[in-house]
Protein chains: 2
Amino acid sequence: MRMKVETTTDPALACPIGPVVDIVFSRWTTPILWSLHAHGRQRFVELERRITKITPKVLTQRLRQLERDGLVVRTYHPEVPPRVEYEISELGRSLAPLFAHLAEWSADHLDAVERARQDYDTA
Amino acid sequence: MRMKVETTTDPALACPIGPVVDIVFSRWTTPILWSLHAHGRQRFVELERRITKITPKVLTQRLRQLERDGLVVRTYHPEVPPRVEYEISELGRSLAPLFAHLAEWSADHLDAVERARQDYDTA
DNA sequence: CAGAATCCAGAGGGATACTG
DNA sequence: CAGTATCCCTCTGGATTCTG
């Protein structure tokens, strides 16, 4: 199962953090990682319910990608009915400070962005 | 000029860093901000040449968005031929530590992601 | 030079239905 | 439950052309 993972900007030279951004901040990955980080090991439906508006198809795609990148660990329990659990890997956990940093920036500067937008729109 | 800025995940409750991610890590914004941060004030063509593969149309769109969010400052010099310069704003500069953090994570863990991918693909 | 306007293709994502 | 399989459709981004 091949997946498209090419960087947004072809020459990574132009932007050293390009690859990381593709891995960590591509569509839906942040809510998924955050949910897994905040609420621990979860089943498919739990994630589906927690991350509103995501469809099972897309959730599966993103989880597969995160698993492939080693950020998430999938555990399949062969029972009836089947049970699958997802959790953050050690590698995924290493993102925690980064996310905290992001949350901090958000708390400090998000209102400034909002103000900038209003200034721009009224002008 | 209205622009679509809704978050990727509707309830920001599910992911507190959703809004920031949309602002800072949406398509092309990282290479643009990085280029502006690394090489200082630049003209349109300079950015266009530095960020390979981006078309003028898309570059314009993204620059407008960044300007609206207050991360980038656009200066228009009414000359012939016209000259326009872009630079990082104070608010944009506040992202520097975050980007450094990202680059650090990249240096430390990117190879682990690569190994995880190879393991996944061979299995 | 710094875009704006127009047209277009393709890929990703949504909705729905189905299965082991 | 945990997905897979289709179909469909939007929406981004590319190519091209034009202008103050």
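For B:Arg83 and C:dA2, the shortest distance from a side-chain N or O to OP1 or OP2 is not below 4.0 Å. Note on B:Arg27: a side-chain N or O is less than 4.0 Å away from OP1 or OP2 of D:dG13. Close to C:dG3, at under 4.0 Å from its OP1 or OP2, lies a side-chain N or O of B:Arg74. Distances shown here put a side-chain N or O of B:Thr55 below 4.0 Å from the OP1 or OP2 atom of D:dG14. The side chain of A:Tyr86 contributes an N or O atom lying less than 4.0 Å from OP1 or OP2 of D:dG3.
Atom C1' of nucleotide D:dC1 and atom CD of A:Glu46 are separated by 12 Å, given to the nearest angstrom. In this structure, NZ of B:Lys57 is placed 13 Å from P of D:dT16, rounded to the nearest angstrom. Residue A:Arg62 contributes atom CZ, which lies 14 Å from atom P of D:dT4 at whole-angstrom precision. In this entry the distance linking NE2 of A:His77 with P of D:dA2 reads 10 Å, nearest Å. Protein atom CD of A:Gln61 is 12 Å distant from nucleotide atom C1' of D:dG3, rounded to whole Å. One atom, OH of A:Tyr76, and another, P of D:dT4, lie 11 Å apart when rounded to the nearest Å. Per the geometry, CG belonging to B:Leu59 stands 17 Å off P belonging to D:dT12, to the nearest Å. Remark: P of D:dG3 and CZ of A:Arg49 are 14 Å apart, rounded to the nearest angstrom.
Side-chain proximity of B:Arg43 to the nucleotides D:dA2, D:dG14, C:dC1 is greatest for C:dC1. Among the nucleotides D:dG13, D:dA2, C:dC1, the one closest to any side-chain atom of B:Pro81 is C:dC1. When distances run from any side-chain atom of B:Val84 to the nucleotides D:dT4, C:dA2, C:dA4, the shortest one goes to C:dA2.
Along DNA chain C, the nucleotide nearest to B:Val45 and the one nearest to A:Pro56 differ in position, and the one closer to the 5' end is contacted by B:Val45.
Hydrophobic clustering places B:Trp105 together with A:Ile32 (ILVMFWY residues linked when any side-chain heavy atoms are closer than 4.5 Å, directly or through intermediates).
Side-chain N or O atoms of B:Ser89 include one that pairs as donor or acceptor with a backbone N or O of B:Gly70 at under 3.5 Å. Checked by atom type and distance alone, the side chain of A:Ser35 never pairs as donor or acceptor with a backbone atom of A:Pro31 at under 3.5 Å.
Minimum interatomic distance between A:Glu87 and A:Thr75 (heavy atoms only, all atoms of both residues): OE2-OG1, 4.3 Å.
Using a 4.0 Å cut-off between a side-chain N of Lys or Arg and a carboxylate O of Asp or Glu, B:Glu85 and B:Arg43 do not qualify as a salt bridge.
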